[in-house]
Structures are given as C-alpha cells and as structure tokens.
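Notes to accompany the following structure.
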Amino acid sequence: MHKIKVEDKEFEIFLENDTLNKRIRLMGIQMNVDYEGKCPLFIGVLNGSFLFMADLIKEINVPCEIAFMRVASYEGTSSSGNVKELIGLPENIEGRDIIIVEDIVDTGLTLTHILKTIKEKIRHRLK
C-alpha cells in the first residue's frame, strides 16, 4: 500500500479507487436485480454520502427517485447526543422501497433518528 500526503498529514491507502469502483458496480448490479419492476427511493444523508451516492446511482438501471436529508449530531469532532434535522424527508414515502445511503455509522444515533422519522412519517400518513 502506498501513502498520500494532504497538507501536513500522511495517510495510508487501505482501498484503492479501482477496488471501490468495482464494489459500487457490484452493489448497483445487485440492486438492479433486487428492485426490478419497482421504483425505490434513495435517501442520501448529506453531506457525507453525496459523492458515494452519485457513483452508486450511476450504476442503477431501474427507475428510481432520489431525495436527501441533512441531519447534524456533531459539534466539532464529538457527538452532542442530539440530532437536529436540517433538511427533512420527502412528503410521500408510504409504500415505498427506501434505500438509505449514509457515509459513516459510528454511534448509530443519526441512523436511529432517521429510521424513527421514517416510521413516524409512515404512521402519520396512515391515520
């Protein structure tokens, strides 16, 4: 493995770009099979998932829709323990196949909030 330098920091590359691209392509192929005849809704969690989601969507051949959420739970480099929703979910998600695209899951706090929000939105529409 080789190293790259960014400003005054040195990083060792764990996964080469080609390896990532192949894996994204394989994920796209699997999703095309799994969602054939459906129209899934991809929800990207901003900002981190943006580039990965763009690469993934390039591999998706089934009809689909894209939306974004933006939430914040960090203050500086540590979690505040509270999740603030800055950009919310689309209005009508009832009955949809939803694929959440997130870049990093560490404490699970943000993902737990997103799943709770999705469930509440579906329950609210069913009333």
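At least one side-chain heavy atom of Arg96 sits under 4.5 Å from a side-chain heavy atom of Glu65. The closest side-chain heavy-atom distance from Met69 to Leu46 is not below 4.5 Å. Proximity of Ile24 to Glu59: side-chain heavy atoms (C-beta onward) are separated by under 4.5 Å at one or more points. Within the 4.5 Å cutoff, side-chain heavy atoms of Ile100 are placed close to those of Leu111. Looking at heavy atoms from C-beta onward, Thr19 lies out of side-chain contact with Lys22 at the 4.5 angstrom threshold. Taking 4.5 Å as the limit, every side-chain heavy atom of Phe52 sits out of range of all side-chain heavy atoms of Glu102. By the 4.5 Å heavy-atom criterion applied to side chains, Ile4 and Glu10 are not counted as neighbours. Put simply, the side chain of Ile43 does not reach to within 4.5 Å of the side chain of Val101, judged on heavy atoms.
Nearest heavy atoms, Tyr35 versus Val62: O-CG1, 3.8 Å.
The structure places NZ of Lys58 at 9.0 Å from CG of Asn21, a figure rounded to the nearest 0.5 Å. For the atom pair Met53 CE and Ile99 CD1, the distance stands at 9.0 Å (nearest 0.5 Å). Separation of atoms CD1 (Ile66) and CD1 (Ile60) is listed at 9.5 Å; rounding is to 0.5 Å. Between the NZ atom in Lys5 and the CZ atom in Phe11 there is a gap of 11.0 Å [rounded to 0.5 Å]. Between the CG atom of Asp55 and the CZ atom of Arg25 there is a distance of 10.5 Å, given to the nearest 0.5 Å. Residue Leu115 holds its CG atom at 6.0 Å from NZ of Lys119, rounded to the nearest 0.5 Å.
With 3.5 Å as the limit, one finds no donor-acceptor pair spanning the side chains of Asn32 and Glu36.
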Does the side chain to side chain contact (heavy atoms under 4.5 Å, CB included) test come out yes or no for Leu56 and Phe42, once each step is laid out?
-> CA-CA 10 Å; Leu56 179 61; Phe42 286 82; 4.1 Å; yes
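Distance alone, capped at 3.5 Å, is enough to place a donor-acceptor pair between the Ser49 side chain and the Val45 backbone.
Hydrophobic clustering, with ILVMFWY side chains joined whenever heavy atoms are under 4.5 angstrom apart, keeps Ile29 apart from Leu20.
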